[in-house]
Amino acid sequence: MISIQGKGVSTGVAIGPLYYYQRAKSTIRRYEVENTEAEWERFKAAQAKAIEQLSELAEKAREEAGDEAAMLFETHQMMAEDLDYEEAIQGLINDNKLNAEAAVTDTAAQFAEMFASMDDAYMQARAADVKDVSGRIIGILTGVVQGGIDSPVPVILAADDLAPSETVQLDKSKILGFITEGGSGSSHTAILARTMGIPAIIGVGDQLKPEYEGREVIIDGSTGNVVVDADEATKSYLLKKLEEQKKTQEMLNLLKGQPNVTKDGQSVRIYCNIGSPDDVPAVLSNDAGGVGLFRSEFLYLNCDDYPTEDYQFEAYKKVLSDMGDKEVIIRTLDIGADKQIGYFDLPHEENPAMGNRALRICLNRPEIFHTQLRALYRASAFGHLGIMFPMVTSVWEVKEAKKMCERVKAELNAEGKPFSSDVSIGIMIETPAAVLMSDRLAKEVDFFSCGTNDLTQYTLACDRQNADLGRFYNPHHPAVLRALKMVCDNAHKNGVWVGICGELGADLELTETFLSIGIDELSVSPRAVLPLRQKVRETTVADVREKLVGDLLSDENAI
Ligand code: PEP
Ligand code: MG
């Protein structure tokens, strides 16, 4: 038995075979082949497999986001079978004796260049498609799997680290748990694991060896323990814990349908954070009151090119209609920092967390913002929508963003396209500037949602991605809690409600503090809804308010 200690970032026990994430290799081997006929057959087999995968993806996209979304994969399918494309590859294999993956690489480059040089914008956009299709075929030829997992059974997935773009593309039905060598608890990969309700352990370093692949692993997300080939006693102890976990869940399930109200009658709304329309069933089954944060950038991370207005419209519409009359707050694109997307072509930055990200990109590249807002307003006709802007620092940014909303509404009106007249507008409070300006910002919006992951990072000048900064990145720091109180006071003075959608919202050690300062909404991962409801229902705020608010300001707590 091998026992490894990491840091648990998403609770729960999971057991299954260990599997190493397969990352696409950036360099393709190039060599001369003797048997060109066999090489051509190798290409044909990979092409057939790619077409099969694309048709499955088209079906999945159709079910989840409608015909428009499916069309992307259907276009890719057609491209994979295109006769000119095939002929070019065959020529390179037969005449130049090139191996199949190199022939596909060269053909892709040649076709992409040809498309990119065309005048027609539609044809130019096909350059990305041909690269994408070719990448899929090359992945099959080299044995590297799209989506990172090629296993018939669900696995415990191990990786050095996973970028958010890699995490969103994983086949979730194949994952029992995550283990990463590096990573930090407030990284988006950890956040996604919690949203999906999958146990996760980070920071195991080099203790986990590739040769353990295929062996049985048990992970305990609450302690951060990883056990390879557990002995009988350890296995039965951990399996018992798994059983207890199920029993606790059954108890929590009894709270479904109950209000989130303290013993002395103070209510708080408990909403969920999601990253995809696929997360809505978990929101509903955990009886959340709404969606407090839909991280819309994950839609972009899941695409190989800018998602079209229709593609986004279908995804937002799906979330809104599946949520019925419950409120859904969709955050506009928050790309940049750790969430990088190749097709945005963002220049390299020394300090990306403080650079061109989120609302700044939207204001600098209004065509991207415009497309997203059109999709959002069109979707608003199908439910109860709130739109929220991330990474605000100044009043003018909010004014400019609202102006774009007005422009979009006027356009839709002129086009006779329906939208709701009741869309609320909010901002995330994630920067010290937004905290200090919250009295003034409150006059511009309907609500605030505190993004404590970034608010901690910027208030404490402490990179949330840097695992070595562990004890310095402290969301319980009085500076962060005082900031939250200040935001609450300024919001309430101006008739604006305040939520918390950072990970801190689910921290049960602070629930009483949040209730004491008057937080109106807590938006958490679906699995955290019922434990939070339980905590709220056990609390009498009147007993603790004075002390907890006093503690925020007292000298003893000035750590
Ligand atoms: C936050 O910063 O707290 C937040 C909710 O946004 P994200 O984690 O996506 O940056
Ligand atoms: Mg943030």
Side-chain angles (χ1 to χ4, degrees), residues 9-10 162-165 167-168 183-196 200 270-276 279 290-302 328-341 351-362 386-393 397 426-435 447-466 473-477 479-481 483-484 487 498-507 510 514 519 521-526 528:
V9 292
S10 180
L162 286 165
S165 57
T167 315
V168 288
S184 87
S186 49
S187 68
H188 284 95
T189 303
I191 290 171
L192 278 167
R194 287 192 284 271
T195 304
M196 295 187 282
I270 303 183
Y271 284 8
C272 279
N273 295 344
I274 63 168
S276 132
D279 297 328
V291 168
L293 167 64
F294 175 6
R295 289 181 162 95
S296 70
E297 60 276 9
F298 289 135
L299 282 185
Y300 290 70
L301 282 164
N302 225 346
V328 174
I329 296 174
I330 303 184
R331 170 171 83 182
T332 56
L333 183 64
D334 186 4
I335 228 60
D338 62 320
K339 288 174 284 193
Q340 293 293 337
I341 302 184
N351 290 303
M354 293 197 281
N356 198 14
R357 59 170 290 200
L359 186 60
R360 294 175 184 176
I361 294 184
C362 289
I387 297 178
M388 170 158 85
F389 306 124
M391 197 47 198
V392 167
T393 53
E397 297 163 349
I427 56 169
M428 295 199 62
I429 303 286
E430 299 181 283
T431 62
V435 173
F447 66 90
F448 285 156
S449 187
C450 300
T452 48
N453 308 331
D454 275 320
L455 186 59
T456 304
Q457 155 163 272
Y458 296 124
T459 303
L460 305 182
C462 193
D463 182 358
R464 66 191 267 191
Q465 293 295 117
N466 187 338
Y473 183 91
N474 174 16
H476 286 222
H477 195 292
V480 178
L481 301 178
L484 293 176
V487 172
V498 191
I500 296 179
C501 63
E503 297 302 292
L504 202 60
D507 188 330
L510 287 173
F514 296 152
I519 291 285
E521 176 243 26
L522 294 163
S523 191
V524 299
S525 63

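Values in this document were obtained by computation on a predicted structure and should not be read as measured data. Each ligand, and each atom within it, is numbered from 1 in the order the structure gives. Start at 1 with the first residue, then count along the sequence. Every heavy atom of this structure was used, including side-chain atoms; hydrogens, water molecules and symmetry mates were not.
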Visitor: What atoms of ligand 1 come closer than 4.0 angstrom to any heavy atom of Cys501?
Guide: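 Those of ligand 1 that fall under 4.0 Å from Cys501 are 5 (C).
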
Visitor: Quick check: closest heavy atoms across Gly336 and Arg357, and the distance to 0.1 Å?
Guide: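 Scanning both residues completely, I find the closest heavy atoms to be CA-CB, 3.8 Å.
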
Visitor: Can you find a heavy atom in the side chain of Arg194 that is under 4.5 Å from one in the side chain of Val524?
Guide: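 Not touching, per the 4.5 Å side-chain cut-off.
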
Visitor: Heavy-atom contacts with Met428 under 4.0 Å: which atoms of ligand 1 show up? List them by number with element.
Guide: 4 (C), 5 (C), 6 (O)

Visitor: Say whether Glu503, considering both its backbone and side-chain N or O atoms, lies within less than 3.5 Å of an N or O atom on ligand 1.
Guide: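 There is no such contact.
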
Visitor: Give the residue, atom name and distance (to 0.1 Å) of the protein heavy atom nearest atom 5 (C) of ligand 1.
Guide: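 So the nearest neighbour among protein heavy atoms is Arg295 NH2, 3.4 Å.
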
Visitor: Show the atoms of ligand 1 that are less than 4.0 angstrom away from any heavy atom in Lys339.
Guide: 9 (O)

Visitor: Confirm or rule out an N/O/S atom of Asp334, from backbone or side chain, lying less than 2.8 Å from the Mg ion (ligand 2).
Guide: no

Visitor: Work out which heavy atom in Ile341 is nearest to a heavy atom in Tyr300; give both atom names and the distance.
Guide: CD1-CB, 3.5 Å

Visitor: Please examine the side chains of Phe514 and Leu484, heavy atoms only from C-beta on, and report whether any two atoms are closer than 4.5 Å.
Guide: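 Leu484 vs Phe514: side chains touch.
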
Visitor: Any nitrogen or oxygen of Gly451, side chain or backbone, less than 3.5 Å from one on ligand 1?
Guide: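 Looking only at distances, the answer is yes, because the N/O contact criterion of under 3.5 Å is met.
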
Visitor: Please could you name the atoms of ligand 1 that Arg464 approaches to less than 4.0 Å, counting only its heavy atoms?
Guide: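 Result: 2 (O), 7 (P), 8 (O), 10 (O).
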
Visitor: Which heavy atom of the protein is the closest neighbour of atom 6 (O) of ligand 1, given with residue, atom name and distance?
Guide: Arg331 NH1, 2.9 Å

Visitor: Under a 3.5 Å distance rule, please check whether Ser523 uses its side chain to pair with a backbone N or O of Cys272 as donor and acceptor.
Guide: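 Indeed, once roles are kept as given, a pair shorter than 3.5 Å links the two residues.
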
Visitor: So that I can tick it off, tell me whether Asp334 and Lys339 are bridged by a salt bridge, with the cut-off set at under 4.0 angstrom between side-chain N and carboxylate O.
Guide: yes

Visitor: Leu293 heavy atoms, cut-off 4.0 Å: which ligand 1 atoms fall inside?
Guide: 5 (C)

Visitor: Report, in ascending order of atom number, the atoms of ligand 1 lying under 4.0 Å from any heavy atom of Ile191.
Guide: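 Near Ile191, the atoms of ligand 1 are 8 (O).
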
Visitor: Checking contacts here: is it the side chain or the backbone of Thr452 that comes within 4.0 Å of ligand 1, counting heavy atoms only? Could be both or neither.
Guide: backbone

Visitor: Ignoring hydrogens and geometry, is there a side-chain-to-backbone donor-acceptor pair from Glu430 to Gly451 under 3.5 Å?
Guide: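 Looks like no, no N/O pair under 3.5 Å.
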
Visitor: Do Thr431 and Val392 have side-chain heavy atoms sitting under 4.5 Å apart?
Guide: no

Visitor: Is there a donor-acceptor contact under 3.5 Å from the side chain of Tyr458 to the main chain of Ala353?
Guide: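 Yes: the side chain of Tyr458 pairs with the backbone of Ala353.
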
Visitor: Find, among atoms of Asp454 that are N, O or S, the one nearest to the Mg ion (ligand 2), and state its name.
Guide: OD2

Visitor: Check whether any N or O atom of Glu430, backbone or side chain, sits under 3.5 Å from an N or O atom of ligand 1, and answer yes or no.
Guide: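 Such a contact does occur with ligand 1.
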
Visitor: Of all the atoms in ligand 1, which lie at a distance below 4.0 Å from a heavy atom belonging to Gly502?
Guide: 3 (O), 5 (C)

Visitor: To the nearest 0.5 angstrom, please state how far the CD1 atom of Ile427 sits from the OG1 atom of Thr332.
Guide: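 Rounded to the nearest 0.5 Å, the CD1-OG1 separation comes to 11.5 Å.
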
Visitor: Please confirm whether Gln457 approaches ligand 1 to less than 4.0 Å, judged on its heavy atoms.
Guide: no

Visitor: Are Thr456 and Cys462 side-chain neighbours, meaning at least one heavy-atom pair lies under 4.5 Å?
Guide: no

Visitor: Considering just N/O/S atoms, say which atom of Glu430 is closest to the Mg ion (ligand 2).
Guide: OE2

Visitor: Tell me: protein heavy atom nearest atom 7 (P) of ligand 1, and distance?
Guide: His188 NE2, 3.3 Å

